[in-house]
Amino acid sequence: QVQLVESGGGLVQAGGSLRLSCAASGSIVTVNAMNWYRQAPGKQRELVARITSGGPTHYKDSVKDRFTISRDNAKNTAYLQMNSLKPEDTAVYYCNARILTRGDRYRDLEVWGQGTLVTVSS
C-alpha cells in the first residue's frame with residue numbers, strides 16, 4: 001500500500017507565493033516521475049509540471065518562469081514552488097507519481113494524492 005499526501009495549499013493574494021509538498025509513503029522501491037496536476041471548477045484536470053527521477057522537468061506553458069518543481073529522492077517528496085500567482089491559478093492541485101512497490105510481488109502503480117486547494121484572490 002502506497003499513498004501520496006499533499007500539503008501547502010491555501011488562500012493567497014495575486015502576486016503571492018505558495019509551496020506545495022507531496023510526500024510518498026508505503027512499501028516503496030522507487031518513485032519514478034512525479035507530477036503536479038490541477039483542476040479548476042468546471043474544467044478538465046491538466047498537467048502543470050513533471051519531474052523525472054533523474055531530474056529533467058517539464059512545465060505547462062502558462063506557468064513557466066513562475067512555478068518550479070523539485071524533488072528530494074531521499075524523502076520521496078516532490079515540491080511545487082509557485083510564485084507570481086494569478087487568479088487563474090486557482091484550482092485543486094493533485095500530486096501524481098509512478099511508484100514501484102513491493103508487497104507480495106513487485107507492482108508498478110500510478111498513484112494520486114487527495115488534492116490541495118489553492119485559491120488566488122485578485
Side-chain angles (χ1 to χ4, degrees):
Q1 185 77 9
V2 294
Q3 63 177 347
L4 298 174
V5 178
E6 300 109 330
S7 61
L11 173 64
V12 64
Q13 289 188 331
S17 299
L18 284 173
R19 187 191 194 211
L20 306 183
S21 299
C22 169
S25 63
S27 300
I28 296 171
V29 177
T30 57
V31 181
N32 296 309
M34 299 187 79
N35 311 298
W36 286 99
Y37 285 78
R38 68 186 182 189
Q39 187 166 20
K43 295 188 177 181
Q44 289 188 329
R45 191 172 297 189
E46 61 182 6
L47 178 65
V48 175
R50 167 174 292 155
I51 185 167
T52 67
S53 57
T57 57
H58 167 81
Y59 296 93
K60 177 180 172 61
D61 284 346
S62 63
V63 307
K64 285 180 181 177
D65 300 324
R66 299 190 298 123
F67 291 10
T68 302
I69 189 171
S70 60
R71 63 190 289 168
D72 183 334
N73 289 332
K75 296 181 179 179
N76 291 325
T77 299
Y79 305 95
L80 186 67
Q81 177 66 43
M82 304 185 294
N83 299 327
S84 302
L85 282 161
K86 304 175 180 180
E88 52 263 43
D89 294 318
T90 295
V92 177
Y93 284 70
Y94 296 92
C95 182
N96 164 271
R98 299 287 310 195
I99 300 177
L100 181 64
T101 71
R102 183 177 181 182
D104 56 336
R105 59 185 175 95
Y106 287 101
R107 298 173 188 260
D108 182 22
L109 301 177
E110 181 180 24
V111 184
W112 289 89
Q114 82 285 356
T116 185
L117 177 63
V118 172
T119 304
V120 184
S121 63
S122 57

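Please read all numbers here as calculations on a predicted model, not as lab measurements. In this chain, residues are counted from 1 in sequence order.
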If you look at every heavy atom in [X] and [Y], which pair is closest and at what distance?
| X | Y | answer |
| --- | --- | --- |
| Leu47 | Lys60 | O-CB, 3.5 Å |
| Ile69 | Met34 | CD1-O, 3.8 Å |
| Pro87 | Ala14 | CD-CB, 4.1 Å |
| Asn83 | Ser17 | OD1-OG, 2.9 Å |
| Arg98 | Glu110 | NH1-CB, 3.7 Å |

Taking the side chain as C-beta and beyond, is there a heavy-atom pair between [X] and [Y] under 4.5 Å?
| X | Y | result |
| --- | --- | --- |
| Tyr79 | Cys22 | no |
| Leu4 | Ile99 | yes |
| Leu80 | Arg38 | no |
| Arg45 | Trp112 | yes |
| Tyr59 | Arg66 | no |
| Glu6 | Tyr93 | no |
| Val2 | Val31 | no |

Has Thr90 got a side-chain atom pairing as donor or acceptor with Val120's backbone, closer than 3.5 angstrom?
yes

Side chain Arg71, main chain Thr52, donor-acceptor under 3.5 Å
yes

Please say yes or no: joined through hydrophobic side-chain contacts below 4.5 Å, possibly via intermediate residues, are [X] and [Y] part of one cluster?
| X | Y | answer |
| --- | --- | --- |
| Leu100 | Val111 | no |
| Leu109 | Ile51 | yes |
| Met82 | Val12 | yes |
| Phe67 | Tyr37 | no |
| Leu85 | Tyr94 | no |

Say you draw a straight line from [atom1] of [X] to [atom2] of [Y]; how long is it, rounded to the nearest 0.5 Å?
| X | Y | atom1 | atom2 | result |
| --- | --- | --- | --- | --- |
| Ser25 | Lys75 | OG | NZ | 14.5 Å |
| Gln81 | Leu18 | CD | CG | 8.5 Å |
| Arg50 | Asn96 | CZ | CG | 8.0 Å |

Does this structure show an ion pair linking Asp89 with Lys86, if we count only N-O contacts that are shorter than 4.0 Å?
no

If only side-chain N and O atoms count, and only distance matters, is there a donor-acceptor pair under 3.5 Å linking Asn32 with Ser53?
no

